[in-house]
Amino acid sequence: MPLKSRIRTIPDYPKPGIQFRDITTLLQDAFGFRKLVDDLVQPFAGKRIDAVAGIEARGFIIGGAVAYQLSTGFIPVRKKGKLPWETIGRDYELEYGTDRVEIHRDAVAAGQRVLLVDDLIATGGTALATLDLLREAGAEIVGCSFVVDLPDLGGRARLEAEGVSVLTLVEFEGE
Ligand code: AMP
């Protein structure tokens, strides 16, 4: 499996029990980077998409390349307090505490067809909060795409229960 073998696993990072799936080794590989972008773009080629929304920070790298290939705009979804103008946001639960995703108030036009992109889906908390936020802003979500799925954590199923189609390229068991 060419993509999977290029992803590095770091045990017990950032804390004991977590297997961190490090995509930097995939991104630094010319074949791997092109292949992952092509595989994320191909199912949407020829479909009407107005913008790709990428989640900070690895979703910027992947989402930016996908947006370029699809000839769409790009919407940066940032963590709390990083955007310079007026924002709308959504808080979501982490294992300890909460986090927040934000976009500029005018980042999405009503009815815009948006593809959501991030590097990895685990519990789906980040993606679900972003989905809610984009929908509140008026977006129609065309799909949610990730390089890595951790199916044991159930994020993909939670997104599909919200009625969105989910594309993932690589799966890893466990957390
Ligand atoms: P979640 O909200 O639980 O779906 O977590 C998704 C976000 O956390 C993504 O932006 C990932 O970059 C990061 N993340 C969660 N678990 C891992 C993991 N095992 N390896 C690498 N990144 C992870």
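When a ligand or atom number is given, it counts from 1 through the structure's own listing order.
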* Structure fact -> Going by the 4.0 angstrom heavy-atom rule, the piece of Gln19 near ligand 1 is backbone

* Asked: Would Val66 end up clustered with Leu36 when hydrophobic side chains under 4.5 Å apart are linked, directly or stepwise?
  -> yes

* Decide yes or no on side chain to side chain contact (heavy atoms under 4.5 Å, CB included) for Asp152 and Glu175, but give the supporting numbers first. => CA-CA 7 Å; Asp152 297 343; Glu175 291 191 26; over 6 Å; no

* Are Glu56 and Arg78 ion-paired here, with the side-chain N under 4.0 Å from a carboxylate O? -> yes

* Should Leu153 and Ile55 be regarded as members of a common hydrophobic cluster, given that ILVMFWY residues are connected when their side-chain heavy atoms come within less than 4.5 Å of each other, either directly or indirectly? -> no

* Verify the contact flag for atom 2 (O) of ligand 1, where contact means a protein heavy atom under 4.0 Å away. => yes

* Structure fact -> On a heavy-atom basis, the closest approach of Pro2 and Phe31 is CB-CE2, 3.9 Å

* Asked: At what distance is the nearest protein heavy atom to atom 20 (N) of ligand 1, and which residue and atom is it?
  -> Arg21 N, 3.0 Å

* Look at atom 22 (N) of ligand 1 and say which protein heavy atom is nearest, naming residue and atom and giving the distance to 0.1 Å. => Phe20 CE1, 3.6 Å

* Structure fact -> ligand 1 atoms nearer than 4.0 angstrom to some heavy atom of Leu150 are 19 (N)

* ligand 1 versus Val148, non-hydrogen atoms closer than 4.0 Å: side chain, backbone, both, neither? -> neither

* Going only through I, L, V, M, F, W and Y residues with side-chain contacts under 4.5 Å, is there a path from Val101 to Phe74? -> no

* **Atoms of ligand 1 close to Gly124 [distance to a heavy atom under 4.0 angstrom, numbered from 1]** => 1 (P), 3 (O), 4 (O)

* Output yes when the distance from some N or O of ligand 1 to some N or O of Asp118 is under 3.5 Å, and no in every other case. => yes

* Look at atom 17 (C) of ligand 1 and say which protein heavy atom is nearest, naming residue and atom and giving the distance to 0.1 Å. => Leu120 CD2, 3.6 Å

* Structure fact -> Value for CZ (Arg105) from OG1 (Thr87), rounded to nearest 0.5 Å, stands at 9.5 Å

* **By side-chain hydrogen bond (donor to acceptor under 3.5 Å, both in side chains) - contacts of Arg34 (at least two apart)** => none

* Structure fact -> Of all protein heavy atoms, the one nearest atom 7 (C) of ligand 1 is Thr126 OG1, 4.0 Å

Anything under 3.5 Å between a donor and an acceptor, one on a side chain of residues 124-151, the other on a protein residue two or more places apart or in another chain? List them.
from, atom 1, to, atom 2, distance (Å)
Thr130, OG1, Thr126, O, 2.8
Arg135, NH1, Glu162, O, 3.4
Arg135, NH2, Glu162, O, 3.3
Glu136, OE1, Arg90, NH1, 2.6
Glu136, OE1, Arg90, NH2, 3.4
Glu140, OE2, Arg113, NH1, 2.9

* Asked: Hey, is Leu153 touching ligand 1 through its side chain, its backbone, both or neither, going by heavy atoms under 4.0 Å?
  -> neither

* For atom 5 (O) of ligand 1, what's the nearest protein heavy atom and its distance? -> Ala122 CB, 3.8 Å

* Nearest protein heavy-atom contact for atom 11 (C) of ligand 1: which residue, which atom, what distance? -> Asp119 OD1, 3.6 Å

